[in-house]
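Keep in mind it's a predicted model, so treat the numbers as computed, not measured.
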Amino acid sequence: MPPRIPVSEAQIDRVVAQFYQRVRAHPALGPIFAGHVADWPVHEEKIGRFWRNALLLQRCYDGNPMQVHRAAGDVKAQHFPVWLSIFDAVLAEELPQHLAQAWSALAHRIGRGLSFGLPRTEDADPVPYLG
């Protein structure tokens, strides 16, 4: 079966590494991730498997992202637009435009689905349409 989006495993690994480097430094997302991720290489490898499954159809990830994000307790729907803006910036820097756009569209669909299943703060705007 051909890949959904023809990126390489090396490109996936670079995007994941760059993304999490920025997330760790982000004032809002950094502390949330720091509270849940004890071993960054293990986490990045797991997320790399998630994207290889989603993009390359490798069937190498068997987790439940919604369950994990819900169980965290401090991940809220309004974090996803921030997450996606960082992710989009990394994609634009690391990939040719057509691959970055295709991967971004998939990430936005996934993010929208996850954000609908998470709590919102009372003062947050409605979940935006993310593409």
Side-chain angles (χ1 to χ4, degrees):
M1 195 167 197
R4 179 177 286 139
I5 299 170
V7 296
S8 69
E9 290 185 19
Q11 287 170 315
I12 291 171
D13 292 342
R14 267 196 327 273
V15 166
V16 169
Q18 287 299 312
F19 170 72
Y20 282 115
Q21 181 179 354
R22 293 181 192 190
V23 162
R24 286 191 295 272
H26 191 273
L29 297 182
I32 294 169
F33 276 86
H36 299 285
V37 178
D39 188 333
W40 281 101
V42 168
H43 181 72
E44 290 180 20
E45 194 276 327
K46 179 179 183 177
I47 301 307
R49 285 193 324 270
F50 170 84
W51 285 117
R52 283 190 287 287
N53 183 69
L55 302 171
L56 304 178
L57 308 175
Q58 288 186 354
R59 296 182 181 227
C60 56
Y61 176 82
D62 63 356
N64 185 327
M66 177 60 77
Q67 184 178 30
V68 170
H69 288 89
R70 263 194 197 151
D74 55 354
V75 177
K76 309 292 184 215
Q78 61 271 20
H79 294 133
F80 280 86
V82 177
W83 183 99
L84 288 164
S85 69
I86 295 169
F87 200 72
D88 284 343
V90 171
L91 290 173
E93 291 171 15
E94 294 294 331
L95 299 174
Q97 184 179 13
H98 70 286
L99 293 176
Q101 289 175 339
W103 189 347
S104 173
L106 179 60
H108 281 254
R109 284 194 302 274
I110 292 168
R112 187 171 52 251
L114 288 173
S115 69
F116 285 146
L118 294 171
R120 303 190 48 74
T121 59
E122 302 218 1
D123 60 340
D125 293 330
V127 176
Y129 179 74
L130 301 173

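The nearest pair of heavy atoms linking Q11 to P96 is NE2-CD, 4.2 Å. When all heavy atoms of V15 and L91 are compared, the pair lying nearest together is CG1-CD2, 3.8 Å. Nearest approach of A107 to L84, heavy atoms of both residues: O-CD2, 3.6 Å. Residues Q18 and V90 come closest through the heavy atom pair CB-CG1, 3.7 Å. The minimum heavy-atom distance between A77 and S115, with the atom names listed, is CB-O, 3.4 Å. The two residues P6 and P3 come nearest to each other via the heavy atoms CA-CG, 4.0 Å.
Here the CD atom belonging to E44 is positioned 9.5 Å from the CG atom belonging to D39, to the nearest 0.5 angstrom. In this structure, CE in M1 is found 8.0 Å from CZ in R59, a value given to the nearest 0.5 Å. Between the NE2 atom in H108 and the CZ atom in R112 there is a gap of 9.5 Å [rounded to 0.5 Å]. Summarising the geometry, atom CD1 belonging to I5 is positioned 5.0 Å from atom CG belonging to L106; distances are rounded to the nearest 0.5 Å. Distance check, rounded to the nearest 0.5 Å: CD of E93 to CZ of F19 gives 13.0 Å. The distance from atom CG of D88 to atom CH2 of W103, rounded to the nearest 0.5 Å, is 11.5 Å.
Between the side chain of R4 and the main chain of L57, no donor-acceptor pair closer than 3.5 Å is present. A donor-acceptor pair is defined here as one N or O able to donate and one able to accept, closer than 3.5 Å; such a pair exists between the side chain of H79 and the backbone of K76. Judged purely by atom type and a 3.5 angstrom limit, N53 has no side-chain atom pairing as donor or acceptor with the backbone of Q58.
Applying the 6.0 Å contact sphere to CG of D62 captures no more than 12 heavy atoms from other residues, nucleotides or ligands.
Classification of the F87-W83 ring pair by plane angle, with boundaries at 30° and 60°, yields parallel.
A heavy-atom distance below 4.5 Å is found between the side chains of I47 and Y20. Using a 4.5 Å heavy-atom cutoff, the side chains of D13 and R52 are in contact.
Note: Y61 and W51 fail the aromatic proximity criterion, with ring centroids not under 6.0 Å apart.
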